[in-house]
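Quick caveat: nothing in here was measured; it's all calculated off a predicted structure.
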Amino acid sequence: GGGFIGLEMVENLVHRGLEVTLIERSNQVMPPLDPEMAKLVQGYMTKHGVRMDLNDGVAEFKQTEDGALEVVTSSGKAHPADIVILAIGVRPETALAKMAGIEIGQRGGIRVDEHMRTTNADIFAVGDAVEVKDFVTGQWSLVALAGPANRQGRIAADVIAGRDSRFRGTQGTSICQIFEAAIAQTGVSEKTLRQLGETDFEKIYLYPNSHAGYYPGAKMMAIKVLFRKSDGRLLGAQVLGEDGVPKRIDSFAMAIQMGCTIYDLEESELCYAPPFGSAKDPVNFAGMVAADILRDDMPI
């Protein structure tokens with residue numbers, strides 16, 4: 001599996017000196033990413049000697065005549081192995097909820113409202129097993145992330161105590177270390193927008209330095225930003241780089257949650273000193289490049 005756990009295990013096993021093959025059923029690692037950003041991640045893995053078998057799933061595990069382990073894929077390939085780690089995703093454990101007559105949503109999670117109540121008003125549910133609304137698209141989503149789960153727990157406790165706390169929805173803000181780099185994302189991806197039949201969006205790519213270029217250690221970042229053509233509202237961002245990635249994805253994430261536009265990114269006042277950023281931060285640059293397109297100053 002080529003998701004978060006799979007990639008984190010790959011990195012650690014390589015650091016331990018093992019030869020690693022990653023088998024992934026889809027055509028890319030990190031399925032939430034858009035394919036062109038996933039290819040950058042795959043480049044780092046190839047650079048560190050990881051073998052990748054994409055578009056192929058595991059069919060069976062066999063023991064050879066000499067007692068070794070063999071992993072057979074759907075396409076018929078056989079991979080000899082000393083150890084196999086299954087990092088193939090999660091499904092909500094909903095047996096108790098079903099026994100209690102609680103509604104299960106279309107994505108297989110426990111259906112809850114914004115107060116974290118299930119369809120039984122006396123029962124609350126939080127965490128990886130619940131379906132919540134995607135903050136950007138409004139669609140039901142199933143997101144197994146610790147940040148949203150923690151906030152949901154606090155909201156449920158507030159509501160039980162009589163407060164009118166509400167969960168705003170999830171943006172899927174996440175980050176994963178890939179050897180010397182990090183890949184992060186927030187909001188909606190282009191492929192999700194296309195799956196939903198959306199046409200009112202535009203995308204940009206930019207490759208700024210992580211901090212002032214004249215200061216030692218600056219690294220180029222790859223940034224993809226999605227926004228509405230009609231009003232410039234920020235929809236999603238994906239960032240890969242070897243320095244400064246968390247700072248930028250957190251800025252994009254907060255901007256999305258506050259309903260900001262790419263014009264707001266232009267005007268964002270972010271901290272600057274040569275070791276940490278530039279006078280025009282990559283977040284500002286993203287807003288400027290996007291605004292250039294919507295103002296027709298620099299059509300693409």
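His115 places no side-chain N or O within donor-acceptor distance of the main-chain N or O of Ala156, the cut-off being under 3.5 Å. In this structure, the side chain of Asp281 does not engage the main chain of Gly277 through any donor-acceptor pair within 3.5 Å. Checked by atom type and distance alone, the side chain of Asp34 never pairs as donor or acceptor with a backbone atom of Met37 at under 3.5 Å. Ser26 places a side-chain N or O within 3.5 Å of a backbone atom of Gln28 that can act as its donor or acceptor partner. Remark: side-chain polar atoms of Arg233 are not paired, donor with acceptor, to backbone N or O of Arg228 under 3.5 angstrom. Of the possible polar contacts, one joining the Lys191 side chain to the Leu33 backbone as a donor-acceptor pair under 3.5 Å is found.
For residues 165-208, the ring-ring contact (aromatic ring centres under 6.0 Å, His included) pairs, not counting sequence neighbours, are His15-Phe179, His48-Phe179. Legend: ring-ring contact (aromatic ring centres under 6.0 Å, His included) pairs involving residues 212-253, not counting sequence neighbours, sorted by first then second residue: His211-Tyr215. Note on residues 67-107: no pairs pass ring-ring contact (aromatic ring centres under 6.0 Å, His included), not counting sequence neighbours.
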>> Walk me through whether Gln185 and Val239 qualify under side-chain contact (heavy atoms from CB on, under 4.5 Å).
In response: CA-CA 6 Å; Gln185 58 200 321; Val239 183; over 6 Å; no
> Between Ser210 and Asp243, is a side chain to side chain donor-acceptor pair (under 3.5 Å) present by the stated rule, with each step listed?
Replying inline: CA-CA 6 Å; Ser210 58; Asp243 179 52; 2.7 Å; yes
> Stepwise, does the side chain to side chain donor-acceptor pair (under 3.5 Å) test hold for Glu70 with Gln63?
Replying inline: CA-CA 6 Å; Glu70 192 172 70; Gln63 194 168 28; over 6 Å; no
>> Run the side-chain contact (heavy atoms from CB on, under 4.5 Å) test on Gln152 and Val130 for me, step by step, so that the C-alpha distance in whole Å, both residues' side-chain angles and the decisive distance to 0.1 Å come before the verdict.
In response: CA-CA 10 Å; Gln152 290 163 14; Val130 305; 3.7 Å; yes
> Can you list the steps and then say if Asp250 with Arg248 is a salt bridge (Lys or Arg N to Asp or Glu O under 4.0 Å)?
Replying inline: CA-CA 5 Å; Asp250 284 346; Arg248 275 61 189 219; over 6 Å; no
> Between Glu266 and Lys280, does a salt bridge (Lys or Arg N to Asp or Glu O under 4.0 Å) hold up when you go through it step by step?
Replying inline: CA-CA 9 Å; Glu266 282 186 294; Lys280 289 190 290 289; over 6 Å; no
> Are Val159 and Arg117 close enough, and set up right, to give a side-chain contact (heavy atoms from CB on, under 4.5 Å), and what steps lead you there?
Replying inline: CA-CA 9 Å; Val159 174; Arg117 275 195 178 91; 3.8 Å; yes
>> I'd like to know whether Arg168 forms a side-chain contact (heavy atoms from CB on, under 4.5 Å) with Gln257, so could you lay out the CA-CA distance, the side-chain angles of the two residues, the decisive distance to 0.1 Å, and finally the verdict.
In response: CA-CA 9 Å; Arg168 295 180 181 179; Gln257 189 169 123; 2.7 Å; yes
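To the nearest 0.5 angstrom, Glu24 atom CD is 13.0 Å from Thr73 atom OG1. Within the model, atoms CD of Gln171 and CD1 of Ile249 stand 10.0 Å from one another, a figure rounded to the nearest 0.5 Å. With rounding to the nearest 0.5 angstrom, the SG atom of Cys260 is 12.0 Å from the CD atom of Glu267. Taken from CD1 in Ile110 to CG in Asp128, the straight-line distance is 11.0 Å, to the nearest 0.5 Å. Distance OG1/Thr186 to CD/Gln238: 10.0 Å, rounded to 0.5 Å. If you take CD on Gln42 and CE on Met45, they are separated by 7.5 Å, rounding to the nearest 0.5 Å.
Look at Arg51 and Glu19 and you find a salt bridge, because one of the NZ, NE, NH1 or NH2 atoms lies within 4.0 Å of a carboxylate O, short of that distance. For Lys203 and Glu190, the salt-bridge test passes: some basic side-chain N is under 4.0 Å from an acidic carboxylate O. A salt bridge links Asp158 with Arg163: the distance from a Lys NZ or Arg NE/NH1/NH2 to an Asp or Glu carboxylate oxygen falls below 4.0 Å. For the pair Glu198 and Arg194, the salt-bridge criterion is not met [side-chain N within less than 4.0 Å of a carboxylate O]. A salt bridge links Asp53 with Lys77: at least one charged nitrogen is closer than 4.0 Å to a carboxylate oxygen. Using a cutoff of 4.0 Å between basic side-chain nitrogens and carboxylate oxygens, Glu131 and Arg107 are not scored as salt-bridged. Salt-bridge formation is detected for the pair Lys224/Glu36: a Lys NZ or Arg NE/NH1/NH2 atom is positioned less than 4.0 Å from an Asp or Glu carboxylate oxygen.
Looking only at side-chain heavy atoms (C-beta outward), Val245 and Met221 come within less than 4.5 Å of each other. Looking at Val143 and Val132, their side chains never come closer than 4.5 Å, going by heavy atoms from C-beta outward. No side-chain heavy atom of Asp296 sits less than 4.5 Å from a side-chain heavy atom of Leu294. For the pair Ile85/Leu13, a side-chain contact is recorded, criterion being any heavy-atom separation below 4.5 Å from C-beta on. The shortest distance between side-chain heavy atoms of Asn27 and Leu54 does not fall below 4.5 Å. Within the 4.5 Å cutoff, the side chain of Val14 has heavy atoms near those of the Val50 side chain. Residues Met298 and Met288 are not in side-chain contact: their nearest non-hydrogen atoms beyond the backbone lie 4.5 Å or more apart. Between Val41 and Leu7, the closest side-chain pair of non-hydrogen atoms falls below 4.5 Å.
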Side-chain donor-acceptor pairs under 3.5 Å in residues 92-106, sequence neighbours left out?
| unit_1 | atom_1 | unit_2 | atom_2 | d |
| --- | --- | --- | --- | --- |
| Glu93 | OE2 | Ala95 | N | 2.9 |

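Tyr44 and Glu11 form no side-chain donor-acceptor contact under 3.5 Å, judged by distance and modelled atom types alone. A donor-acceptor pair shorter than 3.5 Å cannot be found between the side chains of Ser268 and Asn284.
Residues Leu270 and Ser251 share a closest heavy-atom pair of CD2-OG, 4.3 Å. Of all the heavy atoms in Val136 and Leu235, the pair that sits closest is CG2-O, 3.7 Å. Summarising the geometry of Ala212 relative to Ser278, their closest heavy-atom pair is N-OG, 3.4 Å, with the distance given to 0.1 Å. The heavy-atom pair separating Val283 from Leu265 by the smallest distance is O-CB, 3.7 Å. Contact detail for Ala125 and Val112: the closest heavy-atom pair is O-CG1, 3.7 Å. Between Val225 and Ala286, the closest heavy-atom pair is CG2-CB, 4.0 Å.
When the shell of 6.0 Å around CG of Asp297 is examined, it contains more than 12 heavy atoms from other residues, nucleotides or ligands. The environment of Arg25 atom CZ is sparse: at most 12 non-hydrogen atoms of other residues, nucleotides or ligands sit within 6.0 angstrom. Within a 6.0 Å radius of OH in Tyr263, more than 12 heavy atoms belonging to other residues, nucleotides or ligands are found. Within 6.0 Å of the CD atom in Glu60, the count of heavy atoms belonging to other residues, nucleotides or ligands exceeds 12.
Apart from Val84 itself, the hydrophobic cluster it occupies contains Ile23, Val58, Phe61, Leu69, Val71, Leu86, where clustering links Ile, Leu, Val, Met, Phe, Trp and Tyr at side-chain heavy-atom distances under 4.5 Å.
For Asp66, the side-chain hydrogen bond (donor to acceptor under 3.5 Å, both in side chains) test picks out Thr64, with sequence neighbours left out.
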